[in-house]
Amino acid sequence: MSDKLRIGIIGLGTVGSGVYKSLEKFDNVEIKQIAVRNINKPRSVEVPREILTDNPFDLVNNPEIDVVVELMGGVEPAWSYIETALKNGKHIVTANKELLAKKGEELFNLSEEHNRVVLYEAAIAGGIPIIMPIKTILAGNKITKIQAILNGTTNYILTKMDAEGASYEDVLADAQRLGYAETDPTGDVEGFDAAYKITTLATISFNSRIKFENVYREGITKIRKEDMQKSNELGYKIKLIASATIDENNNADVRVHPMLVPKSAMLAHIDYVTNAVALSGHPIGNIVLSGPGAGEFPTASSVIGDILAIAREFGTTEYLLPMMRCHHHSTANPVDINNTYNKYYLSITAPNAIGVIAKIGAICASKNISLSSILQKGVNENNTAEITVITEECLEKSIKEVVSELTDCEVNSLIRVM
Ligand code: NAP
Ligand code: HSE
């Protein structure tokens with residue numbers, strides 16, 4: 001057996017390049033082979049031509065490789081490569097949150113069947129160490145609540161639009177250039193990426209499997225600059241929040257959507273590409289982990305941590321890293337978003353007529369919704385008025401009924417409030 005851990009990497013893009021550059025410092029790890037889509041593509045790293053292949057099956061079938069590091073993304077063909085690698089007795093390190101969210105159960109069952117580990121620190125919150133702490137030092141806790149900012153791209157966009165008045169398109173292009181965004185940024189801005197991450201994070205935190213299809217999701221594309229300005233005036237910041245709670249009957253409310261976060265709350269001050277994860281559990285109470293959520297080197301830090309964790313134990317035991325494994329979980333019962341209670345921000349354009357505010361108040365009252373503030377500043381030139389309402393906690397189904405009954409007004413935005 002070689003005295004070095006022999007790895008094969010699939011993908012040499014943003015994350016793969018960061019891993020390649022950073023691994024040069026470690027003499028206990030040898031990169032045996034790297035698979036890419038296009039061998040001739042110019043890259044930010046110089047890699048010996050003889051270790052490159054454009055067929056990842058060469059790598060997952062290579063008997064001289066101990067660990068496959070999957071950094072290409074997506075479900076297929078990544079799943080086929082990982083499945084073959086596990087069946088060939090290789091350990092896996094991956095940053096692929098989509099695959100974990102959609103195929104996690106199959107993946108961990110297969111890895112146990114073949115007595116191999118799958119490590120995925122980089123898949124959730126980039127450079128923040130979160131999986132390893134939950135699986136090891138926090139293992140004695142019953143975690144019941146997560147509130148997090150899990151997507152660097154959207155947090156970067158929202159911060160730049162708010163703080164610098166930048167346009168959505170310009171900031172998104174900037175996030176792509178900096179290597180924060182997914183290959184198709186729809187995954188970021190429509191909340192899929194954060195939904196993948198909270199699926200896995202909630203599963204391991206609650207020790208109860210969350211199904212990705214049960215995660216409620218809204219992205220940031222409908223957030224208007226006017227909403228940001230108004231939120232600021234009212235003492236809030238708008239953030240894309242991934243949250244999850246579980247009750248004693250295994251009912252899990254797991255979701256991703258924009259929220260008005262009070263400026264007094266810590267998550268309101270997590271800016272640009274920074275992510276943060278707030279966990280509540282017993283006996284620890286509340287804990288927050290924060291750090292860079294995306295980008296070449298922060299993500300490489302997590303991938304390398306996983307590779308080194310395997311390198312440290314490789315060859316010393318038949319059953320590697322027992323605490324990092326995913327054993328059988330119960331499956332949580334999903335909670336329908338319509339049955340949840342939240343506070344809401346409503347932005348309404350109404351005709352400038354006598355009694356319009358009273359009418360909004362009356363419709364809300366008829367649905368058992370109490371208002372915590374209602375604001376109108378003057379009248380528009382076209383004889384309409386911008387009215388902003390913040391409700392107290394009420395049923396989601398009821399606020400949607402209010403929106404559908406405000407027939408002579410235009411409801412510009414409905415955003416949940418933390
Ligand atoms: P990327 O820059 O688009 O790189 C993807 C790499 O995969 C490229 O090198 C590409 O080859 C290769 N690839 C794609 N399809 C392939 C195929 N069929 N066969 C062989 N190679 C293939 O993506 P990335 O940003 O590095 O992200 C990689 C993974 O890390 C994704 O799962 C992503 O969600 C995750 N992640 C990214 C970040 C981040 O900040 N970027 C953070 C955490 C997790 P070519 O270079 O030849 O095109
Ligand atoms: N596209 C992801 C983000 C990369 O912006 O957070 C990190 O997972």
Side-chain angles (χ1 to χ4, degrees), residues 8-20 33-45 47 52-60 68-82 93-103 120-128 130-131 148-159 171-172 174-198 200-201 219-220 240 242 256 270 272-277 291-303 306:
I9 304 176
I10 309 177
L12 195 59
T14 303
V15 183
S17 302
V19 169
Y20 187 87
Q33 210 167 17
I34 300 178
V36 291
R37 198 168 19 205
N38 175 3
I39 290 185
N40 299 315
K41 189 167 160 181
R43 299 183 187 276
S44 66
V45 278
V47 177
L52 285 176
T53 172
D54 58 8
N55 181 3
F57 280 116
D58 288 347
L59 188 151
V60 296
V68 168
V69 182
E70 184 274 305
L71 305 173
M72 60 175 279
V75 174
E76 275 300 349
W79 167 249
S80 299
Y81 302 143
I82 288 179
V93 172
T94 180
N96 191 336
K97 46 271 170 120
E98 182 176 358
L99 182 95
L100 287 161
K102 293 181 177 169
K103 302 281 272 185
Y120 49 96
E121 191 64 73
I124 320 291
I128 304 178
I130 182 75
I131 304 302
I149 292 176
L150 289 179
N151 183 267
T153 301
T154 46
N155 205 46
Y156 186 78
I157 293 173
L158 291 173
T159 308
V171 196
L172 174 57
D174 207 16
Q176 288 178 293
R177 184 183 53 76
L178 290 164
Y180 303 157
E182 297 301 304
T183 315
D184 176 359
T186 314
D188 296 292
V189 296
E190 294 298 355
F192 288 98
D193 180 80
Y196 298 144
K197 291 167 176 168
I198 194 74
T200 301
L201 183 58
I220 63 160
L240 184 69
V256 171
I270 301 299
Y272 298 99
V273 74
T274 307
N275 282 191
V277 181
E296 180 177 1
F297 289 113
T299 313
S301 159
S302 293
V303 175
D306 281 346

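Read the numbers this way: they start at 1 and go in the same order the structure lists the ligands and their atoms. Here the structure is a predicted model, which is why all the values come from computation and not from measurement.
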*Which of these, Leu99, Leu12, Asn151, Leu71, has its nearest heavy atom closest to atom 9 (O) of ligand 1?*
Leu12
*Using a distance-only test with no angle check, is there a side-chain donor-acceptor pair under 3.5 angstrom linking Thr186 and Asp184?*
yes
*Would you tell me which option among Gly127, Ala95, Ser302, Pro298 has the nearest heavy-atom contact to atom 44 (C) of ligand 1?*
Ala95
*Gly126 heavy atom under 4.0 Å from ligand 2*: no
*Option of least heavy-atom distance to atom 19 (N) of ligand 1 (set: Ala300, Ala35, Pro56, Gly295)*: Pro56
*asked:* So does Ile270 get a backbone contact from the side chain of Asn155, meaning a donor-acceptor N/O pair under 3.5 Å?
replied: yes
_Quick one about Ser302 and Glu121 (side-chain donor to acceptor, distance below 3.5 Å, no hydrogens or angles considered), yes or no?_
no
*Between CD1 on residue Ile124 and OH on residue Tyr196, distance to nearest 0.5 Å*: 12.5 Å
_Counting only nitrogen or oxygen atoms and a 3.5 angstrom limit, does Gly179 reach ligand 1?_
yes
*Spacing of CE belonging to Met72 relative to CD1 belonging to Ile82, to within rounding of 0.5 Å*: 9.0 Å
*Look at atom 6 (O) of ligand 2 and say which protein heavy atom is nearest, naming residue and atom and giving the distance to 0.1 Å.*
Gly152 N, 2.7 Å
*Quick check: does any side chain N or O of Thr154 sit under 3.5 Å from a backbone N or O of Asp188, one acting as donor and the other as acceptor?*
no
*asked:* Does only the side chain of Asp193 get under 4.0 Å from ligand 2, or the backbone, or both, or neither? Count heavy atoms.
replied: side chain
*Taking 4.0 angstrom as the limit, do Lys97 and Asp193 come out as a salt bridge?*
yes
*Is any side-chain N of the basic residue among Lys197 and Glu98 closer than 4.0 Å to the acidic one's carboxylate O?*
no
_For atom 5 (O) of ligand 2, what is the closest protein heavy atom, and at what distance to 0.1 Å?_
Thr153 OG1, 2.6 Å
*Return a yes/no value for Asp193: is any of its N or O atoms, backbone included, closer than 3.5 angstrom to an N or O of ligand 1?*
no
*Shortest heavy-atom approach to atom 34 (O) of ligand 1 - which of Glu121, Glu70, Lys97*: Lys97
*Check Asn151 against ligand 2 and report side chain, backbone, both or neither, counting heavy atoms closer than 4.0 Å.*
both
*Report yes if some N/O of Glu182 lies less than 3.5 Å from some N/O of ligand 2; otherwise report no.*
yes
_Per-atom contacts, ligand 1 versus Glu182 - under 4.0 Å to a heavy atom_ = 33 (C), 34 (O)
*Nearest protein heavy atom to atom 8 (O) of ligand 2, by residue and atom, and its distance?*
Lys97 NZ, 2.5 Å
